[in-house]
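Quick note: numbers below take in every heavy atom, side chains included, and nothing from hydrogens, waters or symmetry partners. One-based numbering along the sequence shown.
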Amino acid sequence: MCGIVGYIGARQAQDVLVSGLGKLEYRGYDSAGVAIQQGGSGGGSIEVRKKAGKLANLAGELAAHPLSGTLGIGHTRWATHGLPNDTNAHPHATEDGKIVIIHNGIIENYLTLKAGLQSRGHVFRSETDSEVLAHLIEEKYNQTGSNLYEAVRLALGEVRGAYGIVVTHADHREIVAARTVSPLVLGVGEGELFLASDVPALLAYTRQVVFLHDGDMVVLGDDGFRVTDLAGNSLQRHIEQIDWDAEAAEKGGYDTYMLKEIYEQPVALTNTLIGRLHDDSGEVNLDINLDPGSFKRISIIACGTAYYAGLVGEYLIEQLARIPVEVDVASEYRYREPLVSEATLAIVISQSGETIDTLEALREAKKFGAKTLGVINAKGSSMTRELDDTLYIHAGPEIGVASTKAYTSMVSAMLMLALWLARARGTLDETRARELLHAARELPRLVEEALAPERVEHIKKVAEKYAHSRDYLFLGRGVNAPTALEGALKLKEISYIHAEGYAAGEMKHGPIALIDADLPVVVIATESRLLEKTISNVQEVRARAGKVIAVLSDGDTENAQHADDVIYVPRAHEMVSPVVNAVAMQLLAYFTAAALGKDVDKPRNLAKSVTVE
Ligand code: AGP
């Protein structure tokens, strides 16, 4: 999830681009770059400047050696393919420097396209998937009699994946852009036009914006803009007036980063799954070098929410790949002298890639010869530099301290890992694999549905009803036992209400003593072969007058009668249901904390990345 901007008008583009990128740096801060057309009216050359690290590095460089010009494009990077460095920073240009592109998203088939282009003599400078676009457009440009719009349109016809792309050419005073999955907004000013991944980058200049739709292309020129679809047909897009203040804008119009990140989950999950599921063969391609047959047991190590994703992973890997798995909180693992050898695969899970307990536990496992794999969000983070291999979840930057989209992307990554191992070790046949791949591919849509306004409004009401409870209990079974733990953690973290998560069957061995008429008990009872067992636990709670908030699958009216309140979630395959159910947990916690007036983005006593023991 990168930040992209573009400008054509009378102002100095450098200033507009740098200030716009400054407003988008929450989307990625691994490197930044700009490309500015020299001279007016397609002056024949484009100057590119790019620097690894925070935007300040590039801004310093430009302050010392400014670039003049009134047409330009700019990018701040969240690395997905290729390490954060100057070469992999955007913009990317063709060898002759004539065509320059910036890209936000993931090109699924970039390796195939790159091989073809190299065989036709193209020389690549970076490790990125994005650079492929520059070379592909160049080929089409030469075939279309130097028509930049047509070249971009034809090139995108060969591309599979997610993109917000902005392109310019040294000989043309125009900018061509397009989007599929990744967001792109057009800003309309007096005799000037702006492009950006998000509204915050535009607000200082205009409040007139056009939200481009999936599959839209747009051409910006001094005489205005035109929107078409990818087939070249003209489209009408109306200009909307934005009335958000700057801070609200950085949150995309949401009150908080946490809520924004909850709503970003459909796109984040798309990016986690993209290019990895091959329904036709029932195979999963994880772009890691690990040999699936090179270990006998797995240790999953993590902290907090990441640890709960590990517990779901344990369930899925043991069920599907039949490999023994143990899951440890990192702060214990590093001192319990675990039984580790070369036959162990140590999997560390982390959003930040910087959590010190997990990093040290990783070093401990390596000390005993374990193979190491990371399931990580932050590219270039400390853990990724010490791991043998990393499976990136591509959830994009997560600003809210309470982890949401990173959790659901981690769980989806663990599902893909379980499927990959199972297929490679022959414990899962093609039919079952296809069924589960299909269920996984459904996740972005199911989560979109779980975020439907009427569902969110209902959860808000339930949250407000119980917001003044002193305690909460969360129960779940099987693959959703960890969902109960995650639900309790989310509530604790941001509302400061004491909450416990338990495997539902374990309740009668102690926690049942907590139950009385003042205790809300959230029971995750979605479609599952353990549903009946879970409902009998609901009965045990009812028998002690506990207030049951049942999370049920759509249409399950029969079990609704056993609950005081019901949260319906979209019906999902049991094996992927922890992702869908987690959204309901996040919203319940969020609206409880909001009802209590808590600062959900910066909860007390917590830090986004815990780098001390
Ligand atoms: C989750 O909401 C918390 N922020 C915390 O438990 C977090 O999951 C834990 O600190 C691990 O962080 P990591 O994923 O960055 O390693």
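Taking the side chain as every heavy atom from C-beta outward, Thr305 and Lys490 approach each other to under 4.5 Å. Between Leu437 and Leu419, some side-chain heavy-atom pair lies under the 4.5 Å cut-off. With a 4.5 Å cut-off on side-chain heavy atoms, Leu514 and Asp471 do not count as touching. Leu83 has its side chain out of reach of Asp30: every pair of non-hydrogen atoms, C-beta onward, lies at least 4.5 Å apart. Using a 4.5 Å heavy-atom cutoff, the side chains of Lys379 and Thr384 are not in contact. Using a 4.5 Å heavy-atom threshold, the side chains of Trp78 and Pro397 count as touching. Between Ile494 and Val401 there is no side-chain heavy-atom pair separated by less than 4.5 Å. Residues Val569 and Val551 form a side-chain contact, since some pair of their non-hydrogen atoms from C-beta on lies under 4.5 Å apart.
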Worksheet item: Given Glu264 and Lys260, is the salt bridge (charged side-chain N to carboxylate O under 4.0 Å, His left out) satisfied, shown in steps?
Response: CA-CA 6 Å; Glu264 281 174 350; Lys260 177 172 177 281; 2.6 Å; yes
Discussion item. Run the side chain to side chain contact (heavy atoms under 4.5 Å, CB included) test on Met410 and Thr272 for me, step by step, so that the C-alpha distance in whole Å, both residues' side-chain angles and the decisive distance to 0.1 Å come before the verdict.
Written reply: CA-CA 9 Å; Met410 283 168 180; Thr272 306; over 6 Å; no
Worksheet item: Ile497 and His468: side chain to side chain contact (heavy atoms under 4.5 Å, CB included), yes or no, with the steps?
Response: CA-CA 9 Å; Ile497 293 176; His468 296 283; over 6 Å; no
Discussion item. Before you tell me yes or no, could you show the steps for Thr483 and Asn581 under side-chain hydrogen bond (donor to acceptor under 3.5 Å, both in side chains), namely the whole-Å CA-CA distance, both residues' side-chain angles and the distance that decides it to 0.1 Å?
Written reply: CA-CA 7 Å; Thr483 311; Asn581 297 344; 5.3 Å; no
Practice prompt. Begin from the C-alpha positions of Ile347 and Ile298 and carry the test side chain to side chain contact (heavy atoms under 4.5 Å, CB included) through to its verdict.
Written response: CA-CA 7 Å; Ile347 300 176; Ile298 294 177; 3.7 Å; yes
Discussion item. Between Tyr407 and Tyr308, does the ring-ring contact (aromatic ring centres under 6.0 Å, His included) criterion hold? Intermediate values first, please.
Written reply: CA-CA 9 Å; Tyr407 175 69; Tyr308 297 146; 7.6 Å; no
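What you find for Pro266 and Glu448 is that their closest heavy atoms are CB-OE1, 3.5 Å. Taking each heavy atom of Thr355 and Ser352 in turn, the nearest pair found is OG1-OG, 3.4 Å. Closest non-hydrogen pair, Pro292 versus Leu421, comes out as CB-CD2, 4.1 Å. When every heavy atom of Ala302 is checked against every heavy atom of Ala306, the shortest pair comes out as CB-C, 3.6 Å. Closest approach of Ser469 to Pro520, counting heavy atoms only: OG-CG, 3.4 Å. In terms of heavy atoms, Ala395 sits closest to Asn377 at N-OD1, 3.0 Å.
Note: Tyr502 and Phe474 fail the aromatic proximity criterion, with ring centroids not under 6.0 Å apart.
Rounding to the nearest 0.5 angstrom, the gap separating the CE atom in Met416 from the CG atom in Leu286 is 6.5 Å. Leu552 contributes atom CG, which lies 9.5 Å from atom OG1 of Thr557 (distance to the nearest 0.5 angstrom). Separation of atoms CG (Leu473) and CG (Leu519) is listed at 5.5 Å; rounding is to 0.5 Å. For the atom pair CG (Asn285) and CZ (Arg423), the distance works out to 13.5 Å, reported to the nearest 0.5 Å. For the atom pair Glu25 CD and Thr76 OG1, the distance stands at 5.0 Å (nearest 0.5 Å). Note: Thr534 OG1 to Asn480 CG = 8.5 Å, rounded to the nearest 0.5 Å.
Looking at Arg542 and Asp564, a side-chain N of the basic residue comes within less than 4.0 Å of a carboxylate O on the acidic one, giving a salt bridge. Taking 4.0 Å as the cut-off between side-chain N and carboxylate O, Arg445 and Glu442 count as a salt-bridged pair. Of the charged side-chain nitrogens involved, at least one lies within less than 4.0 Å of a carboxylate oxygen, so that Asp287 and Arg276 count as a salt-bridged pair. Remark: Arg544 does not engage Glu540 in a salt bridge, criterion side-chain N to carboxylate O under 4.0 Å. Using a cutoff of 4.0 Å between basic side-chain nitrogens and carboxylate oxygens, Glu449 and Arg455 are scored as salt-bridged.
A donor-acceptor contact under 3.5 angstrom links the side chains of Glu354 and Ser382, judged on distance only. For the residue pair Thr372/Asp389, the side-chain donor-acceptor check at 3.5 Å is not satisfied. In summary, the side chains of Gln586 and Thr404 do not present any donor paired with an acceptor at a separation below 3.5 Å, with no hydrogens or angles considered. Asn104 and Arg77 form no side-chain donor-acceptor contact under 3.5 Å, judged by distance and modelled atom types alone. Side-chain contact, Gln265 with Thr408: a donor N or O sits under 3.5 Å from an acceptor N or O.
Within a 6.0 Å sphere centred on CD of Gln539, other residues, nucleotides and ligands contribute more than 12 heavy atoms. For Lys602, the NZ atom sits in a loose shell: 12 or fewer heavy atoms of surrounding residues, nucleotides or ligands are nearer than 6.0 Å. By the neighbour-count criterion of 12 heavy atoms within 6.0 Å, atom CZ of Arg363 is densely surrounded, having more than that number from other residues, nucleotides or ligands. At most 12 heavy atoms of other shown residues, nucleotides or ligands fall within 6.0 angstrom of atom NE2 in His438.
Here the side chain of Tyr568 pairs a donor or acceptor atom with the backbone of Asp556 at under 3.5 angstrom. Between the side chain of Lys366 and the main chain of Lys371, no donor-acceptor pair closer than 3.5 Å is present. A donor-acceptor pair under 3.5 Å links the side-chain atoms of Asp601 to the main chain of Met258, judged by distance alone. Between the Glu318 side chain and the Val325 main chain, a donor and an acceptor come within less than 3.5 Å of each other. Using modelled atom types, one side-chain atom of His458 and one backbone atom of Val566 make a donor-acceptor pair closer than 3.5 Å. A donor-acceptor pair is defined here as one N or O able to donate and one able to accept, closer than 3.5 Å; such a pair exists between the side chain of Lys508 and the backbone of Gly505. A donor-acceptor pair under 3.5 Å links the side-chain atoms of Ser553 to the main chain of Glu527, judged by distance alone. In this structure, the side chain of Thr427 engages the main chain of Leu320 through a donor-acceptor pair within 3.5 Å. In this structure a side-chain-to-backbone donor-acceptor pair under 3.5 Å is missing from Asp198 to Pro200. Within the 3.5 Å criterion, the main-chain N or O of Lys405 finds a donor-acceptor partner in the side chain of Glu398.
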Please tabulate, for side-chain N and O atoms in residues 590-598, each donor-acceptor pair with protein atoms closer than 3.5 Å (sequence neighbours left out).
unit_1, atom_1, unit_2, atom_2, d
Tyr590, OH, Thr256, OG1, 3.1
Thr592, OG1, Leu588, O, 2.6

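Taking the six-membered ring for Trp and thresholds of 30 and 60 degrees, Tyr472 and Tyr466 have ring planes more than 60 degrees apart, a perpendicular arrangement.
Among residues at least two apart or in separate chains, salt bridge (Lys or Arg N to Asp or Glu O under 4.0 Å) pairs with a member in residues 332-350 are Glu326-Arg336, Asp328-Arg336, Arg334-Asp357, Arg334-Glu613.
Taking the ring axis of Tyr496 as reference, the NZ or CZ atom of Arg604 stays within 45° of it and closer than 6.0 Å to the ring centre.
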